[in-house]
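Nothing fancy with the numbering, it's 1 onward along the sequence. Computed from a predicted structure; not experimentally measured.
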Amino acid sequence: MARLSFREQVLRVREDAIVESVHRLLADTGFDPMTVDEVAADVGIAKASLYKHFPSKEALAAAAMVRLLQRTLAVVDEQAARADASALQRLDAVTRWALEVQVAGDMPTLPSQNSSLRAELMAHKAYLELLLQVSERLGEWIVQAQADGDIDPRLPPEVVLYTIFARACDPVPAF
């Protein structure tokens with residue numbers, strides 16, 4: 001692997017700081033109230049510098065969601081490695097983790113209705129790939145749990161999957 005130049009290392013560290021700030025602000029205030037000015041101030045850089053890394057508020061949110069999906073996939077992989085766990089236990093562990101992240105105030109909240117953000121996410125290759133990986137793995141566990149008799153097989157697996165995703169994004173547990 002090629003070694004990064006000092007400048008590239010600085011840019012990467014700055015980008016990481018920006019994404020962490022966006023993640024924190026999305027968890028604290030949500031997408032709509034968050035501003036690019038607020039992100040730049042939180043990181044301690046000029047707004048123009050921020051735009052060198054991310055062209056829009058929507059791109060900032062997408063980067064934060066990619067980071068969250070990377071964390072989620074790591075939890076899913078950890079559960080997949082548990083040979084002693086049933087599919088239902090794996091689903092339970094992932095859902096529990098998501099709720100704990102939510103209750104800790106570390107789950108970004110995105111609006112359900114924002115066409116520019118939705119368009120950004122749907123065009124973001126890394127986001128879509130990670131979402132698909134997480135969805136496929138959970139979907140496999142749902143089908144297995146149904147075959148094991150732990151989840152009602154009359155429920156479409158997509159309904160169960162969307163319910164898990166909805167729980168992970170539900171702001172009510174924090175109250």
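- Comment: D84 does not engage R90 in a salt bridge, judged by the lack of any side-chain N to carboxylate O separation of less than 4.0 angstrom.
- Looking at heavy atoms from C-beta onward, Q89 lies out of side-chain contact with Q79 at the 4.5 angstrom threshold.
- Using a 4.0 Å cut-off between charged nitrogen and carboxylate oxygen, E58 and R118 do not count as a salt-bridge pair.
- The backbone N or O of D106 lies less than 3.5 Å from a partner atom in the side chain of H23, making a donor-acceptor pair.
- Between S135 and F165 the shortest side-chain heavy-atom distance falls below 4.5 Å.
- In the hydrophobic cluster analysis, where Ile, Leu, Val, Met, Phe, Trp and Tyr join through side-chain heavy atoms closer than 4.5 angstrom, L161 is grouped together with L155.
- Separation of atoms CZ (R12) and OG (S5) is listed at 10.0 Å; rounding is to 0.5 Å.
- Here the side chain of K57 pairs a donor or acceptor atom with the backbone of M34 at under 3.5 angstrom.
- With contacts defined as side-chain heavy-atom distances shorter than 4.5 Å, the pair R137/V94 does not qualify.
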> Is there a side chain to side chain contact (heavy atoms under 4.5 Å, CB included) between L88 and Q144 once you walk through the steps?
Replying inline: CA-CA 8 Å; L88 183 64; Q144 182 61 53; over 6 Å; no
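- No continuous path of hydrophobic side-chain contacts links V143 to L138 [ILVMFWY only; heavy atoms under 4.5 Å].
- Under the 4.5 Å side-chain criterion, counting only non-hydrogen atoms from C-beta, L26 is in contact with V22.
- Side-chain contact check for L50 versus V43: every heavy-atom pair is 4.5 Å or farther apart.
- Connection of M122 to L68 is established within a shared hydrophobic cluster, with ILVMFWY side chains joined at heavy-atom distances below 4.5 Å, either directly or through further cluster members.
- Considering OH of Y127 and CG of L121, their distance stands at 5.0 Å, rounded to 0.5 Å.
- More than 12 heavy atoms of other residues, nucleotides or ligands lie within 6.0 Å of CZ in R82, so this atom counts as buried by the packing criterion.
- Here the side chains of L11 and H53 are in contact, with some heavy-atom distance below 4.5 Å.
- Between the side chain of D148 and the backbone N or O of D150 there is no donor-acceptor pair closer than 3.5 Å.
- In the hydrophobic cluster analysis, where Ile, Leu, Val, Met, Phe, Trp and Tyr join through side-chain heavy atoms closer than 4.5 angstrom, L69 is grouped together with Y162.
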>> Please evaluate residues V76 and E136 with respect to the criterion side chain to side chain contact (heavy atoms under 4.5 Å, CB included), reporting the C-alpha separation (whole Å), side-chain torsions for both, the decisive distance (0.1 Å), and the verdict.
In response: CA-CA 11 Å; V76 169; E136 284 179 353; over 6 Å; no
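- When atom types are taken as modelled, the side chain of S49 and the backbone of I45 share no donor-acceptor pair closer than 3.5 angstrom.
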> Given V19 and F54, is the side chain to side chain contact (heavy atoms under 4.5 Å, CB included) satisfied, shown in steps?
Replying inline: CA-CA 10 Å; V19 173; F54 300 96; 3.6 Å; yes
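- With rounding to the nearest 0.5 Å, the separation of CD1 in I164 from OG1 in T95 is 4.5 Å.
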> Would L25 and L60 count as a side chain to side chain contact (heavy atoms under 4.5 Å, CB included) if you check the C-alpha gap in whole Å, the side-chain angles of each, and the deciding distance to 0.1 Å?
Replying inline: CA-CA 11 Å; L25 290 168; L60 287 166; over 6 Å; no
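- Ion pair D28/R24 not flagged as a salt bridge, since none of the NZ, NE, NH1 or NH2 atoms sits closer than 4.0 Å to an Asp/Glu carboxylate oxygen.
- The backbone N or O of L4 sits less than 3.5 Å from a side-chain atom of Q9, completing a donor-acceptor pair.
- Cluster annotation: V160 and L132 are assigned to distinct hydrophobic clusters (Ile/Leu/Val/Met/Phe/Trp/Tyr, side-chain heavy-atom contacts under 4.5 Å, transitive).
- Here the side chains of Q146 and D152 are not in contact, with every heavy-atom distance at 4.5 Å or above.
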